[in-house]
Participant: 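Shown below is the structure under consideration.
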Amino acid sequence: MAETASAPARAPEGATEPVLRVEGLVRRYGDLTAVGDVSFTIAPGETYGLLGPNGAGKTTTISMVAGLLPADAGTVTLAGEPMGPRHPAARRHLGLVPQELAIYPDLTARENLRYFGRLQRLRGDQLRRRVDEVLELIGLADRANDATKEFSGGMKRRLNIGIGLLHQPLLLVLDEPTVGVDPQSRHAILESVAALSGEGMSVLYTTHYMEEAERLCDRVGIIDGGTLQAEGTRDELVRLTGGVDHVRVSGEGDLTTTAAALRELPAVQQVDADRQGLSLTVRDAPTAIAAIVTTATGAGMTLRDVEVSRPDLESVFLHLTGRALRD
Amino acid sequence: MTWTDLRQRVRDRSVLVFAIVVPLALMTVFNFVFADLEQPTPGPVTVAAAAPEGDPLAAVLVDTLRGLEESAAVPVTVETAEAEAVPEAVESGEVDLGLVVPEGFGAAVRAGEPVSVEAIEGEDAGIGGQVVMAVVHASLERFAAGTVAATAGAQAGLSPGELAAVAEEAATGGPQHTLVAGEAADEQLGPSASMVAGQAGLFLLFTVSFGVLGLVAERKQGTMARLRSMPMNPALIVLAKAMVSLVLGIVATTVLLTAGSLLFGVDFGSPVAVAAVIVAAVVATTSLMLVVARVARSEEQAGIASSILALVLGISGGAFFPVSGPGLLGQLMDLNPVAAFTRGLGITAGGGGVADLGAPLLVLAGFAVVMVLVARLVPDREETV
């Protein structure tokens, strides 16, 4: 079961029902359990991130959420309707942005949007209006009638996302949308997703980039080995590590004496010495840093550099799994 | 979905090349290469016939051959000769065939006694000579039938006069032997027609692959996941691709048969019957591609598998030359959709209508049903990745 960092993931009582409710989802391939007992909810307007390394079970999970794969156990409910391969009706509430560029290279951007719009049952003026709006939103209005095989990678990515937005779904599912994207396009994609969330659309976002999850997501589920290890807001997750910061003090002098002096400070929990300096585990480093510097110089140490690192989701992942996100 | 797919295929142009241009080019080349293999036509045959005077049955035999003189298919000239001169006439090449009816032929036939008619075939008698020989054999069998009828009459207690009349009627009555040039409704196509039909059948397999194998391409480029996330039954995706195959197959095969007919002077007969054969063949070949789409892991695999199937089924179905096999192998080859397609066109070309197409349509429909069942039994790649 996942560690819950703070309040339950479900929407509080009296609040709007979750847009997505995933309960006890399991998917096996022979002896391999790709996803085991995964549960989470997404509230209206919330951006929920599934953070985990490659092979953690993110894509399998969203494939079941999107109704592409049947689950061996568990249920998915979207806007109160059961979701699955045999329940196509609920998919009208879903916009899927697959990791691959799911567009037709021989069709223009407008033709791609019109095609998928018709499959989403948009017709006539509504379809025309939405296609024009999405082309504006993704910045491709001036290239609307060009074949997408002539587009840059970033333009294709934007169109890939635009198709998912076309029918204004309640839930947008993005599967690692920034993989293989240049920094400029990546920034544009992240801006777009943040804007969508601001407009009230619920988003399920999978990534193995910690900084994306921290920047975009209201809540994050950390997944590894097919199970949800923990979930919560960034701060809630960070507290799982004990809430301590790390301070690195580099310089010359009597490091043993300096280390002993620093251990006397109330905020300092641990001090380790090596040839280049000292590594400290500290509670609330921004407050304690002045005392640390004063104590170190007072012990005769000549400081070259002081570096403070606060815990992030990478630290949380390391804390929970014993290995780094990119291992 | 089908319309958008068709639009992409047309823009891609490869379907036009593979479905229309290449088969038409191949038909033209093969037609030139195999021009000498056109169906052999019998040449004129001169027959020297010797028959005993006053023998009405011998006269009937010779008159039967004279009846062939009116035939446009085998121009036969019958010359009356003395029995002793016949071998020499054949030997010298003066005539192509000699026929000597012995003295007492009629009496022997009426009595049911064995009697031999001497036929001497010259070196240049050719197919025309074989046709004349076949006619002689058939006439002699009719005479034997007359004898049997008379014997049966005697056992039934007919008088000698009545018996003679029955025997005469059985031996000489009924329709005269006629041989006319015409289409035989026996499922056989001429070389040009066979080439057009065979190539159309072979390339039909390539053409339909452009539709159904689009499923593999959709998987590869990621659009399949997006399509399956749409609010519709996933079976509609397969159905739409199959519709693309059906449209492409029907259009391309119709164009090929029409163009082939005009270019090579072939007539495949009733358009309605031909349309029935085309639709059945397109459905059968499309169902085969459904299996390939299920099994193949990549576009490359699908392309190779469909090409191998097209060539194997095309060649064994007679796309390049007539193929037949003994026993079980022959029966299996009859189940080949290309062979059934060609056979169906043979029936229509011979004047057959939809009602005459039972066997090939049954084979094609059965093939389609089996392939669809096989495709359903193969696990879906979308769920095993």
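Note that this is a predicted model, so its numbers are computed, not measured.
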Participant: In terms of heavy-atom proximity below 4.5 Å to chain B, should A:Val173 be classed as side chain, backbone, both, or neither?
Facilitator: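 Looking at A:Val173, nothing touches chain B.
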Participant: Side chain, backbone, both or neither: which part of A:Arg121 has an atom under 4.5 Å from a heavy atom of chain B?
Facilitator: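 Only the side chain of A:Arg121 comes within 4.5 Å of chain B.
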Participant: Is the count of non-hydrogen atoms from other residues, nucleotides or ligands lying under 6.0 Å from A:Arg129 atom CZ greater than 12?
Facilitator: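 Yes - once you tally the heavy atoms of other residues, nucleotides and ligands closer than 6.0 Å, there are more than 12.
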Participant: Above 12 or not: heavy atoms from other molecules or residues under 6.0 Å from CD of A:Gln184?
Facilitator: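 No, the 6.0 Å shell around CD holds no more than 12 heavy atoms from other groups.
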Participant: Can you name the closest pair of heavy atoms from A:Pro88 and B:Met232 and give their distance?
Facilitator: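 Answer, listing the atom of A:Pro88 first, then B:Met232: CB-O, 3.5 Å.
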Participant: Which region of A:Leu101, side chain (C-beta onward) or backbone (N, CA, C, O), has a non-hydrogen atom less than 4.5 Å from a non-hydrogen atom of chain B, or is it both or neither?
Facilitator: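 It is the backbone, since no side chain atom gets that close.
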Participant: May I ask you to check whether over 12 heavy atoms, not counting those of A:Arg123, lie within 6.0 Å of atom CZ?
Facilitator: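 Yes - once you tally the heavy atoms of other residues, nucleotides and ligands closer than 6.0 Å, there are more than 12.
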Participant: Is A:Arg118 close to chain B through its backbone or its side chain, or both, or neither, when contacts mean heavy atoms under 4.5 Å?
Facilitator: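 Side chain only.
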Participant: Which bit of A:Gln99 comes within less than 4.5 Å of chain B, counting heavy atoms only: side chain, backbone, both or neither?
Facilitator: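 Contact with chain B involves no heavy atom of A:Gln99 at all.
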Participant: Looking at every non-hydrogen atom in both residues, tell me the closest pair between B:Gln221 and A:Pro105 and how far apart they are.
Facilitator: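 Heavy atoms only, the tightest pair is OE1-CD, 4.2 Å.
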Participant: What distance do B:Arg226 atom CZ and A:Glu100 atom CD have between them, rounded to the nearest 0.5 Å?
Facilitator: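 If I round to the nearest 0.5 Å, the distance is 10.5 Å.
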Participant: At a heavy-atom distance under 4.5 Å, which candidate from A:Leu96, A:Thr60, A:Leu94 has the highest pair count against chain B?
Facilitator: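 Option with the top pair count is A:Leu96.
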Participant: Check whether more than 12 heavy atoms from other residues, nucleotides or ligands sit under 6.0 Å from atom CE of B:Met243, and answer yes or no.
Facilitator: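 12 or below, so no.
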Participant: Between A:Glu111 and B:Thr4, does the side-chain contact (heavy atoms from CB on, under 4.5 Å) criterion hold? Intermediate values first, please.
Facilitator: CA-CA 9 Å; A:Glu111 286 169 343; B:Thr4 303; over 6 Å; no
Participant: Do you know which two heavy atoms are closest between B:Gly222 and A:Ala102, and how far apart they sit?
Facilitator: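 Closest pair (atom of B:Gly222, atom of A:Ala102, distance): O-CB, 3.4 Å.
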Participant: If you look at every heavy atom in A:Leu68 and B:Arg228, which pair is closest and at what distance?
Facilitator: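 Smallest heavy-atom distance, with atoms named: O-NH2, 2.9 Å.
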Participant: For a quick test of reading the model, state the closest non-hydrogen atom pair linking B:Pro231 to A:Ala89 and the distance between them.
Facilitator: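 Smallest interatomic distance, heavy atoms only, reads CB-O, 4.5 Å.
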Participant: Kindly indicate whether the side chain of A:Gln120, heavy atoms from C-beta on, has any atom under 4.5 Å from the side chain of B:Met230.
Facilitator: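 When only atoms from C-beta onward are counted, B:Met230 and A:Gln120 do touch, with a gap below 4.5 Å.
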Participant: Can you tell me if B:Arg7 uses its side chain to pair, donor with acceptor, with the backbone of A:Leu107 under 3.5 Å?
Facilitator: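 Side chain of B:Arg7 to backbone of A:Leu107, a donor-acceptor pair under 3.5 Å: no, none is there.
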Participant: Can you see which heavy atom on B:Leu227 is nearest to which on A:Leu119, and at what distance?
Facilitator: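 Heavy atoms of B:Leu227 and A:Leu119 come nearest at CD2-CD1, 3.4 Å.
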